[in-house]
Every structure is written in structure tokens, then in C-alpha cells.
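Count residues from 1 along the sequence. Just follow the structure's listing: the first ligand is 1, and inside any ligand the first atom is 1.
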Amino acid sequence: MSQVLDETLSPRQVRRDAESLATWGRDWTRSFEVAPSAVVFPESVDDVVALVRLANAEGLALVPSGGRTGLSGGAVAGNGEVVVSFDRMNGILDFEPADRLVTCQPGVVTQTLQDFARDRGLFYPVDFASAGSSQIGGNIATNAGGIKVIRYGLTRDWIAGLKVVTGAGEVLELNRGLVKNATGYDLRHLFIGSEGTLGFVVEADVLLTALPEPQLVMVLGVERFRDLLAVLGQFQSALTLSAFEFFSELALQKVTAHRELARPLSGAAPFYALLEFDESALDAATGAFERCVAEGWVSDGVLSQSETQAENLWQLREGISESIAGYTPYKNDLAVRISRMPEFLDEVDALVQQSYPDFEVCWYGHIGDGNLHLNILKPGDMSQADFFAKCHEISPRIFTAVAARGGSISAEHGVGLLKRDFLDYSRSPAELAAMRGIKAVLDPNGVMNPGKMLPPA
Ligand code: S2G
Ligand code: ZN
């Protein structure tokens, strides 16, 4: 069936060898079947249009593939689909200093864009541990967040224009980098976070901003889960935070062991907050720290004395995901509004303790955004299947606690395959019907990433 590809693309652009299928047919998840029929490498917008039109004519299924760092199976091809990799559409096409706009192809690696901006005295502020391999197209498809959202927002906030090829093979140029444009529905925001189910991003106008002043990093030992929110409140009322992350003692043990890093404090605490702020806010931060200690929320703290020490402290947070990957963790990526976080933390922590008495539970995340990463670590003597089945049993109870507070069962990692069948915990039947209607308009033959994100009607 996918032989028709060879009439559309050149031989160098089509691969069917087992190694390529296994490499490009997956993302960072390890719990889904990987079985694409081919991997293709378009090199132009015209190639992408031709591919989509071919897919509509021949009934092919297309799975977009960027840096393959996704955590929900959104880029996994498990049913003979054709994987469309943007590795060869990885150029920076234009830079307009007056607009502070960079026009990128989807295959530009996030770190490359960050460096491009910094080399011109500007800043692309969306950042996360996988920035060295994730691609802008995938960041847009999942509306990637990361560690600076509290100050700079999500990917969505930095996309001033999008050129897309819809599932019907139409090229849409959305917003064209304008600051203001009151001419109807802003369709760019439909494609941002659509996980490749509506069409392909083939160009993006990405906004840059001024470089921040030098940053300082603090790591605080925090006594109780809910005290993290009190500490957040104290600091937020005293200064502008660039980041407010957290991690548990177990997470710290895993990352210091895996990366052979020094512990940040002389003693241990149940939880740790990692804060980043402008150098000029040091006095305000010191005052907030002293108030948190006086309240008993914080037991100890360390302030970075150099860029190197700041980077080492950040490693304690950014290195967690990689450090626990060997335990094939069962991941939940939850969000509730900050105001609803304290009692949510108590409820879900109690639920996890009673549900997983035999498992190691690793907490970390962007608590400043109301976003928790809950990772249950697989015991070495348990099979992957049994472990996931056991964890799957508890997820509905956790999602019920999330839904009771109007929260999200997937804060930033997307839905993909992993959360698709739980989507109704966060989206109403009317919303799901509207989403299916939008998909029917933009991808009428369902060629775009079929089976992902939207549960079957
Ligand atoms: C984080 C990275 C992926 C993971 O560390 O903030 O979003 O493993 C995560 O959860
Ligand atoms: Zn995260």
C-alpha cells in the first residue's frame, strides 16, 4: 500500500528498513506497539502537500514525527502508518529584528532556536530538559510548557504565525506574524496543541524577547507538600519568579545517584522547592526566605553563588526524568488551579500512599503552574504489563480527584494514546463533539494521526 510513496517522493526520502521503522516509529514512551509501514522525509511544503493529498487518495494514515521526545504516544505509529519526519525541514528561514520574529521550519531543534536568539542578544524562553532534541514543530503540536511557564507562558504564547498543511491538503497561512489581527477565529490556536490530528506545521513565526538579567537559583527544604504553596505565595508576592519547581526527597535521591551530584542541603527534607529569579530581586527573595523559615514551612535553603552552581542546582530538577527512566515509570501529568492545589495534594498523596504501598512514588513538577508530575516506579521484580495494569486501576481515582477540581489529566504532555481513553475526565461530551467536528472539517478523511488524542465516538 505505501508503495505509492515512491511515485511521490525520491528514493532518499522513503525508508522501510527495520531499523528506521523502529527508530522513527516511536517517541519516548515504551508501552506501545511500534509498527509503521514506512518513514518519509519531506524537504519542502510542496512535498508535504503531495503526501497529504496522496494519503487522502490512497487511504494512508500519516503520523507526524519531530524530536520524538513525546511522553504520551502521540508520535507512535503502531498500525502500519506512514511516519512523516521533519528532520530535513530544519532550517531557520528568516529573522526580522524589528518584529523580533524568527521564521522556522518545524524540524528546528528547540535548543538551536534558543542559541540563535541568544547569539542576537534575544531570548526564546520556552525551555525543558529535552530541548536539545525536541523540535519546534513537536513543541507546537503539544503546546510544550517546561520550566519557565510561570514567567513566560507556554509555546502557544510565542507563536505569531503558522503555515500549516491541513489533513485535506490545504495550505493555510495563519496570522502571518501580526501582533494584532481581529479578523475572525484565530485558527493558529486550533493547530497549537492539536498533536498532529488536524494537519502538519510546515513553518512557524516564533517570537523572541529581551534577554533577562542574570538569574539566581535557590533550593529550599520544605516540610509538607502543601507548604510548597505557602512558600510560592510568599515569594510571588515579593518578587517576579522566573521558575518555581519542586521535587520530593525520593526524586532527589534518584537524580543525585544517577548523575553523581552533590545534595543541595546538609540535611534531607520531604520536599524541595527550586526557585529562579532576577539578581536584582535578591533582597526581596532573602526576606521571603526568612519569613518562610519563621513560619516553619522551610527548614533550610541554598542560594547559587555562581552560574555553575546554578546549573548544578537545576540539574537536580531537570535530571529527574532521565534518572528514573530506567524504572519505566507510570506517569501522570496533572494540573489544578493553584487555589485548589493544597487540598488536592493532600487527597492525591493519601490516595497514592494507600494505593501503592509497595511502589516507590516520585513527585516533581512545575508546582508554580499548578502542574504535578506523578511517577510510580516499577519494582524490578514486576513485569511491565502487570505493573501498568496495577497502576491503570488507580488512575481513574486520581482523575476523579482532578475532575472534582476542574483540573486537567494532562497538563503539558498531551493526550496521544496514553490519556486518550481518560479524556472525558477533563473534557465534556459537548467539547468532545466540537473537537470531532473541527477534525472532520480540517481532516475529512481522517488521515492525520488517526487514533490519537480523540477517543472513538
Ligand atoms: C518534567 C519531563 C518529562 C517527564 O521534568 O517537567 O515534563 O518525565 C517533565 O515527566
Ligand atoms: Zn514537566
Side-chain angles (χ1 to χ4, degrees), residues 26-31 66-76 110-111 125-135 138-139 141-156 193 195 217 219 228 242-248 250-252 254-256 258-259 261 271-276 311 313-336 338 341 348 352 360-378 388 391 395 398 402 407-416 418-419:
R26 66 173 355 126
D27 60 11
W28 267 3
T29 55
R30 289 292 177 270
S31 46
R68 304 189 305 281
T69 60
L71 292 154
S72 300
V76 167
T110 314
Q111 176 85 52
V126 179
D127 194 15
F128 30 78
S130 58
S133 45
S134 69
Q135 294 177 6
N139 297 167
T142 58
N143 188 26
I147 56 174
K148 301 274 174 54
V149 168
I150 196 169
R151 181 167 186 174
Y152 294 106
L154 296 119
T155 297
R156 177 182 305 285
E195 299 185 30
V217 177
V219 171
L228 286 160
S242 304
F244 191 93
E245 299 287 309
F246 91 104
F247 46 90
S248 63
L250 180 66
L252 180 63
K254 299 298 182 189
V255 73
T256 49
H258 183 77
R259 292 205 172 175
L261 292 168
F271 297 96
Y272 300 85
L274 182 148
L275 302 81
E276 186 177 79
E311 282 161 18
L313 291 172
W314 263 116
Q315 274 207 61
L316 299 175
R317 167 63 184 86
E318 291 205 282
I320 298 171
S321 178
E322 172 202 291
S323 303
I324 62 172
Y327 295 86
T328 57
Y330 183 87
K331 291 177 170 295
N332 265 312
D333 163 36
L334 312 169
V336 297
I338 296 282
M341 184 65 86
V348 77
V352 164
E360 289 190 308
V361 176
C362 216
W363 285 107
Y364 56 97
H366 325 273
I367 201 157
D369 314 333
N371 178 193
L372 307 172
H373 293 315
L374 165 59
N375 284 243
I376 315 299
L377 307 188
K378 185 180 80 66
F388 263 53
C391 294
S395 278
I398 293 174
V402 171
S408 171
I409 62 161
S410 183
E412 60 174 4
H413 294 167
V415 179
L418 192 68
K419 296 295 187 307

For atom 4 (C) of ligand 1, grab the closest protein heavy atom and report residue, atom and distance to one decimal in Å. K331 NZ, 3.2 Å

If the cut-off is 2.8 Å, does any N/O/S atom of H413 fall short of it from the Zn ion (ligand 2)? no

Could you establish whether E322 and ligand 1 come within less than 4.0 Å of each other, counting only heavy atoms on the residue side? no

Quick one: look at E318 and ligand 1, take heavy-atom pairs under 4.0 Å, and tell me if it's side chain, backbone, both or neither. neither

So, 4.0 Å and heavy atoms of F128: is ligand 1 close enough to count as a contact? no

Of all N, O or S atoms in E412, identify the one at the shortest distance from the Zn ion (ligand 2). OE2

With distance as the sole criterion, is a donor-acceptor pair present between the side chains of E276 and W314 under 3.5 Å? yes

The single option from W363, Y364, Y272 that satisfies ring pair (Phe, Tyr, Trp, His ring centres under 6.0 Å) with F247 is Y272

For ligand 1, which atoms sit closer than 4.0 Å to a heavy atom of S321? 3 (C), 4 (C), 8 (O)

Is the ring pair F388/Y330 parallel, tilted or perpendicular, if the boundaries are 30 and 60 degrees? perpendicular

Does ligand 1 have an atom that lies less than 4.0 angstrom from a heavy atom of L71? yes

Check for me whether E245 has a heavy atom closer than 4.0 Å to any atom of ligand 1. no

So for R317, does at least one of its heavy atoms come nearer than 4.0 angstrom to any atom of ligand 1? yes

Is there a donor-acceptor pair under 3.5 Å between the side chain of T142 and the backbone N or O of G414? no

Proximal ligand 1 atoms for E412, defined as those under 4.0 Å from one of its heavy atoms: 6 (O), 7 (O)

Taking 2.8 Å as the cut-off, does an N/O/S atom of D333 lie below it from the Zn ion (ligand 2)? no

Return yes if a side-chain donor-acceptor contact under 3.5 Å exists between S134 and T110, otherwise no. yes

Flag, side chain of N371 to backbone of H366, donor-acceptor distance under 3.5 Å: no

In the protein, what heavy atom is nearest to atom 9 (C) of ligand 1, and what distance, to one decimal place, separates them? H373 NE2, 3.5 Å

As an exercise, identify every atom of ligand 1 less than 4.0 angstrom from a heavy atom of H366. 6 (O)

Rounded to the nearest 0.5 angstrom, the CG-NZ distance for D333 and K419 is 7.0 Å

CG-OG1 distance between N139 and T155, expressed to the nearest 0.5 angstrom: 5.0 Å

Aromatic rings F271 and F246: how do their planes relate, parallel, tilted or perpendicular, breaks at 30° and 60°? tilted

